[in-house]
Amino acid sequence: MSLDFLTGFTIFMLALIMVVSMVPGLLAGLESSGIDYDAVAYRTGVILVEDPGWPVYPPWEMNGEAHKDEIERIGLAVSKETPNVLLSTKVDAFFNDSFFTPDDYRSKAIFGDIPYSYNISLRSGSDLKQVGDPLPPGYGYIRRVVKIKEPGVAVINGTFAPQYTSLSSNQEFTVRLDFAQLLDPSVGAAYRIDPRTEPVNVTITDFLSYLNTTEPSTNATLQTVTFWKKDPTRPIPQFTKIPFSYSTVDPNLYTLHIDGTPTLHSLSPGVPVESNISLVLKPAATSLFTLDQNSILDIRFNFGDTPSRTNITGIHHYDYNPTNVTLPDLRTGVLEVAVW
Amino acid sequence: MVNDSGQLYTMEGVAAGVIMLLTVYIVISTTSIYTPGDTHIPDMQLEQLGSDVLAMMDTPNAKDSTGSDLETFVDADDSTGFESMFLGYCNMTAGATDDLHMSANVTYRDANLNVIKEHPFVEPDDSWTGRESAVRVTRWVQLDLQSSPPRSPYGSRAQAVLVEVLLWRA
Amino acid sequence: MACMNEDGQWIVLMGLLAALALFFLALIINQSALVGQTTAEGVLEFPKSDIRDLRTAIFDYVDKFGNTVDPDSQAVREDITRISLERKNAVVGFTVGTPQDVSGRPLRPVTIHYYNGVTEYDETVYY
């Protein structure tokens with residue numbers, strides 16, 4: 001009895017050991033990363049590169065910490081008609097990993113029931129942005145070649161001085177954005193100046209050329225920067241001052257730098273300007289102005305000194321004229337998604 | 001002491017072993033049909049990359065530029081410029097550069113003879129043996145009317161030509 | 001065989017259990033392989049970039065020629081259909097209509113037809 005049982009059980013155990021030792025070999029032949037992970041990486045790549053995300057307007061990248069839950073899907077494309085052309089503001093928001101947690105990336109960009117690990121990187125020239133963990137061996141991968149659209153800059157340098165100075169100056173300089181012209185659908189989405197999604201950047205340099213020469217002075221005082229709007233579809237269109245917290249410094253809404261110093265000023269700075277003024281109006285601020293596709297937005301720089309220390313005056317149009325606004329060329333980049 | 005039940009445990013052990021081994025054999029023979037090599041994933045990745053590169057070369061960099069880089073290269077028959085830009089875009093990664101190779105043809109229609117012709121645009125380099133699993137990606141390019149000198153070999157008329165790129169990993 | 005001892009049958013039962021476990025494992029592995037295969041094949045088979053490229057080419061044509069019918073535009077149209085059939089194995093056709101007023105802009109109705117034997121694509125777009 002015992003000898004018989006031993007023989008039978010030994011044969012069974014030997015066979016079982018053989019089978020168990022074969023199972024890992026069976027799995028090793030199927031590098032699982034080459035299968036499901038590649039599909040997930042491909043899907044994430046498509047979502048990021050070919051989709052503007054959801055919500056589209058107001059764009060998801062404007063949602064702050066309080067409204068993060070409203071972001072349903074992260075996409076970096078400028079619009080759904082322009083796959084592979086990414087918007088730099090969306091890119092910056094996406095790669096801000098102090099704002100998005102790993103769970104946000106999983107639920108808004110990668111999707112899937114399994115908590116995948118990821119590493120997403122975007123390289124353009126020597127500029128490298130990256131989120132996620134270091135790569136282990138054996139991961140799913142996709143690489144997409146993209147173009148990145150940067151916002152335009154209106155640089156008002158000394159060459160504009162003859163045009164924008166007058167002896168009968170009212171010490172007010174205006175930068176005018178005509179939305180009907182900017183949002184004209186005949187301009188492709190990849191080259192559009194859209195203040196609702198991209199920052200408006202106004203830089204006045206060579207301020208010396210704008211100073212009053214008859215009244216010798218080395219600076220002029222920038223009293224206020226105000227925003228005015230006009231809606232031409234109204235019965236009696238006229239410019240009205242937009243209510244805004246002009247005296248609060250908020251780098252999420254705008255940044256104002258004077259003379260190249262890192263100090264952030266409010267929009268009623270009352271400080272002397274010697275060489276330059278740089279104002280960046282963020283889309284989060286523009287969205288507070290309740291503008292539509294016909295509105296005209298004025299940014300008015302007021303200098304108030306008695307006697308007048310600057311001759312600056314006039315209206316600078318923020319439009320598609322390359323002398324008025326410098327639109328940088330699209331930059332080529334490569335977006336890599338790795339999932340494991 | 002000797003009875004016929006002596007064989008039973010042994011027999012059943014052998015039976016159980018045979019069942020398990022047979023299952024393993026069946027399992028191995030069925031699963032090995034789908035291995036990663038058969039799933040075309042590297043092909044899919046290469047094809048996606050190639051189409052992206054051609055699409056981006058065909059996107060003008062500025063609003064008022066006269067044409068895309070791709071149009072300029074085909075119009076001027078500038079094969080070295082095309083090859084270096086294409087491979088530059090293809091092999092760019094966050095870390096070390098990749099090792100992809102390419103060759104390209106342009107298919108056009110000769111309107112006088114009304115036949116489709118192929119123009120070898122970029123010849124394959126030494127790494128091409130014919131055994132690579134290469135993928136083919138294509139892009140339409142529209143050429144403007146150019147009266148003189150006639151554009152070689154496409155001719156001077158306004159036309160649409162198809163750029164075909166063969167892409168492989170050495 | 002009346003005095004057959006059936007005490008040893010649990011060994012066969014164990015063997016069967018192990019075999020069953022292996023069988024389900026194999027099923028799961030097969031499924032996971034299929035996920036990757038179908039994704040890659042789906043991506044390769046659906047001519048997404050081909051259709052996108054064709055649309056761009058047709059829009060370029062409309063930019064250049066509008067809805068005029070003359071030998072020059074006919075030649076380009078024939079380039080697109082003939083080369084598509086020859087090199088892409090796809091039947092391609094498109095028409096461009098007269099401009100219509102679409103929310104204040106004069107846009108041309110463009111119909112696009114694409115069929116490569118597997119995927120058929122038809123679109124009417126105002127461009």
Side-chain angles (χ1 to χ4, degrees), chain A residues 1 3-16 18-19 22-23 25-26 29-31 33-35 38-39 41-42 45-46 49 82-85 119 121-124 128 130 135 140-147 187-188 190-192 320 322 327-334 336, chain B residues 1 3 5-25 27-28 31-32 34-37 39-42 44-46 48-65 69 85-86 88-95 97-98 100:
Chain A
M1 161 66 183
L3 183 75
D4 176 31
F5 173 77
L6 270 176
T7 323
F9 195 70
T10 310
I11 291 171
F12 169 74
M13 283 310 285
L14 277 176
L16 191 71
M18 274 171 75
V19 167
M22 277 162 121
V23 168
L26 190 78
L30 290 153
E31 291 168 66
S33 74
I35 292 165
D38 278 309
Y42 171 78
V46 170
V49 164
T82 53
N84 295 44
V85 180
N119 182 313
S121 69
L122 176 70
R123 182 182 162 183
S124 172
L128 178 68
Q130 205 157 18
L135 294 174
Y141 177 73
I142 194 84
R143 181 155 96 234
R144 306 291 309 254
V145 175
V146 295
K147 294 265 186 191
V187 180
Y191 312 105
R192 190 174 296 161
Y320 291 109
L327 270 180
D329 281 359
L330 300 179
R331 279 192 296 132
T332 309
V334 62
E336 289 170 280
Chain B
M1 286 296 280
N3 63 25
S5 72
Q7 308 281 314
L8 267 173
Y9 278 108
T10 317
M11 266 169 64
E12 276 154 347
V14 169
V18 166
I19 288 171
M20 285 187 294
L21 287 172
L22 260 176
T23 321
V24 168
Y25 173 72
V27 163
I28 288 175
T31 49
S32 61
Y34 297 121
T35 54
T39 54
H40 309 295
I41 285 171
M44 181 269 275
Q45 289 168 335
L46 264 190
Q48 182 65 63
L49 183 66
S51 333
D52 276 358
V53 171
L54 281 181
M56 288 302 97
M57 286 174 73
D58 200 16
T59 306
N61 281 328
K63 176 173 159 280
D64 297 315
S65 47
D69 294 327
M85 182 179 258
F86 190 95
Y89 283 10
C90 257
N91 287 328
M92 184 167 42
T93 75
T97 47
D98 208 343
L100 297 173

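Order of the sequence lines fixes the chain letters, A, B, ..., with proteins taken first and strands second; residue numbering starts at 1 for each chain. What you see below is based on every heavy atom in this structure, not just the backbone, and it leaves out hydrogens, waters and symmetry mates.
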Separation between [atom1] of [X] and [atom2] of [Y], rounded to the nearest 0.5 Å:
X: A:T332; Y: B:M57; atom1: OG1; atom2: CE; value: 10.0 Å
X: B:Q45; Y: A:D38; atom1: CD; atom2: CG; value: 4.5 Å
X: A:D4; Y: B:M11; atom1: CG; atom2: CE; value: 10.5 Å
X: B:T59; Y: A:N84; atom1: OG1; atom2: CG; value: 7.5 Å
X: A:F9; Y: B:T10; atom1: CZ; atom2: OG1; value: 13.0 Å

Inset, instruction - Please check if the side chain of B:E12 supplies one atom and the backbone of A:G8 the other of a donor-acceptor pair under 3.5 Å. - result: no
Legend entry - Test item: B:Y89 side-chain N/O and A:V146 main-chain N/O as donor-acceptor pair under 3.5 Å: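 Judged by distance alone, no pair lies under 3.5 Å.
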Legend entry - Under-4.0 Å salt bridge between B:D52 and A:R143: no
Legend entry - Contact leader toward chain B among A:R123, A:R192, A:M18, where contacts are heavy-atom pairs under 4.5 Å: A:R123
Inset, instruction - For chain B, find which of A:E336, A:R144, A:Q130 contributes the most heavy-atom pairs closer than 4.5 angstrom. - result: A:R144
Legend entry - Portion of A:L16 that has a non-hydrogen atom of chain B nearer than 4.5 angstrom: both
Legend entry - Which atoms of A:L128 approach chain B - backbone, side chain, both or neither, heavy atom under 4.5 Å: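 Contact with chain B involves the side chain of A:L128 alone.
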Inset, instruction - List the atom of A:P83, the atom of B:M56, and the distance in Å for their closest heavy-atom pair. - result: O-CE, 3.9 Å
